[in-house]
Amino acid sequence: MHRWTVVVALATVCTLSTGFCFGARADDAGNWETISTGLELGVFEGPDSALGDSEINILRIDPEFWELRIMSISEIDAENVFSPMRWCEDHGLAAAINAGMYATDYSTHVGYMKSGSRVNAQRFNHYKSVAAFGPRRDDLPLFRIYDLDSEGVNMEGIVDGYEYVVQNLRLIKRRGENRWSRQEKMWSEVALGEDGDGRILFIFCRTPYTMHEFNEVLMSLPIDLECAQHLDGGPVAEMVILTEDVRREFIGSYETGCCEYVTNKRAFPLPNVRGVVRREQ
């Protein structure tokens, strides 16, 4: 089976506080597989698991070359919800990932979400992680994950400053603080991260872990992770890459209490996705 592989120099790490040991592949933390300028894919190894291959796939996106977009079924008046690959094919996206969890109407985002002048979900909830892109002022970063409980940060200011704003559950607070308590539940995971250079990280892991454990693994990888937010889990955790040279689908499966199997190969339709398009230079 063909795989993109990151060459990573990381000795085996034992984290006593969580009780697991893991190692990452190979020998050069800087050797990502380049898909296109500013678009790189890497594969890292998590703790051994009987429920999967333990791979963590990370698409690293430089916002100087690529822009994020929110694509929502409510914006295009379509009758059917699309798979992430279909979103890419129909709308010229180089990659797509879950925008986040959605309500039972299969349209409304859980938490605040807006795309330009269109607001999919107006209510601010208790989620503390907000991803923003498409700045309206030159003094704002091209992409940023904000912690709402950080000094000087407020939802109104973020909404005013950016074209695209999405509120989701927090995994890791800025500067690497694991904010997920220990629990027994585990699932395939798709997450959004930001590294120390302000690059966007699409993070996918089909192998189920508890989120506390998953966060500890992410913070130990040589990816300079600053913070991360949860997007979705189980069989609807999905990531797609579609360029001239690469066509790949990453599809989740396992979720405790819901889908306790690792055999899912079906790409589920998603009402809202975060898409990647090339920035005009």
Separation between [atom1] of [X] and [atom2] of [Y], rounded to the nearest 0.5 Å:
X      : Y      : atom1 : atom2 : result
Glu194 : Ile223 : CD    : CD1   : 12.0 Å
Asp48  : Ser54  : CG    : OG    : 5.5 Å
Leu41  : Thr34  : CG    : OG1   : 10.0 Å
Leu142 : Glu64  : CG    : CD    : 5.0 Å
Glu163 : Glu67  : CD    : CD    : 10.5 Å
Phe82  : Glu89  : CZ    : CD    : 11.0 Å

Flag, side chain of [X] to backbone of [Y], donor-acceptor distance under 3.5 Å:
X      : Y      : result
Glu40  : Ile35  : no
Arg123 : Val110 : no
Asn98  : Gly100 : no
Trp87  : Pro271 : no
Asn120 : Ser72  : no
Asp232 : Glu189 : no
Thr207 : Asp53  : yes
Ser150 : Val153 : no
Asn168 : Ala99  : yes

> ring pair (Phe, Tyr, Trp, His ring centres under 6.0 Å) between Trp32 and Phe44: does it pass, once the steps are laid out?
Replying inline: CA-CA 11 Å; Trp32 291 70; Phe44 298 85; 5.6 Å; yes
> Is there a salt bridge (charged side-chain N to carboxylate O under 4.0 Å, His left out) between Lys173 and Asp149 once you walk through the steps?
Replying inline: CA-CA 10 Å; Lys173 188 175 180 178; Asp149 53 358; 3.7 Å; yes
> Just checking, Arg206 and Phe204: is the charged tip under 6.0 Å from the six-membered ring centre and within 45° of the axis?
Replying inline: no
>> Membership question, hydrophobic clusters at under 4.5 Å side-chain separation (ILVMFWY): are Phe202 and Val246 in the same one?
In response: yes
>> Quick check: is Leu140 connected to Phe133 through a chain of hydrophobic side chains (ILVMFWY, heavy atoms under 4.5 Å apart)?
In response: no
>> Arg69 vs Tyr164, test: side chain to side chain donor-acceptor pair (under 3.5 Å). Steps then yes/no.
In response: CA-CA 7 Å; Arg69 293 284 184 267; Tyr164 302 91; 3.3 Å; yes
Determine the minimum heavy-atom distance between [X] and [Y], stating which atoms define it.
X      : Y      : value
Asn264 : Ser253 : N-OG, 3.2 Å
Ala121 : His109 : CB-O, 3.4 Å
Leu218 : Leu225 : CB-CD2, 3.8 Å

> What residues, two or more places apart in sequence or in another chain, satisfy side-chain hydrogen bond (donor to acceptor under 3.5 Å, both in side chains) together with Thr108?
Replying inline: Asp105
Neighbour count >12 (heavy atoms, 6.0 Å) for atom [atom1], [X]:
X      : atom1 : answer
Arg279 : CZ    : yes
Glu184 : CD    : no
Asp138 : CG    : no

>> Which label fits Phe214 and Tyr209: parallel for a plane angle under 30°, tilted from 30 to 60°, or perpendicular past 60°?
In response: parallel
>> Parallel, tilted or perpendicular, judged at 30° and 60°: which one describes the rings of Tyr112 and Phe124?
In response: perpendicular
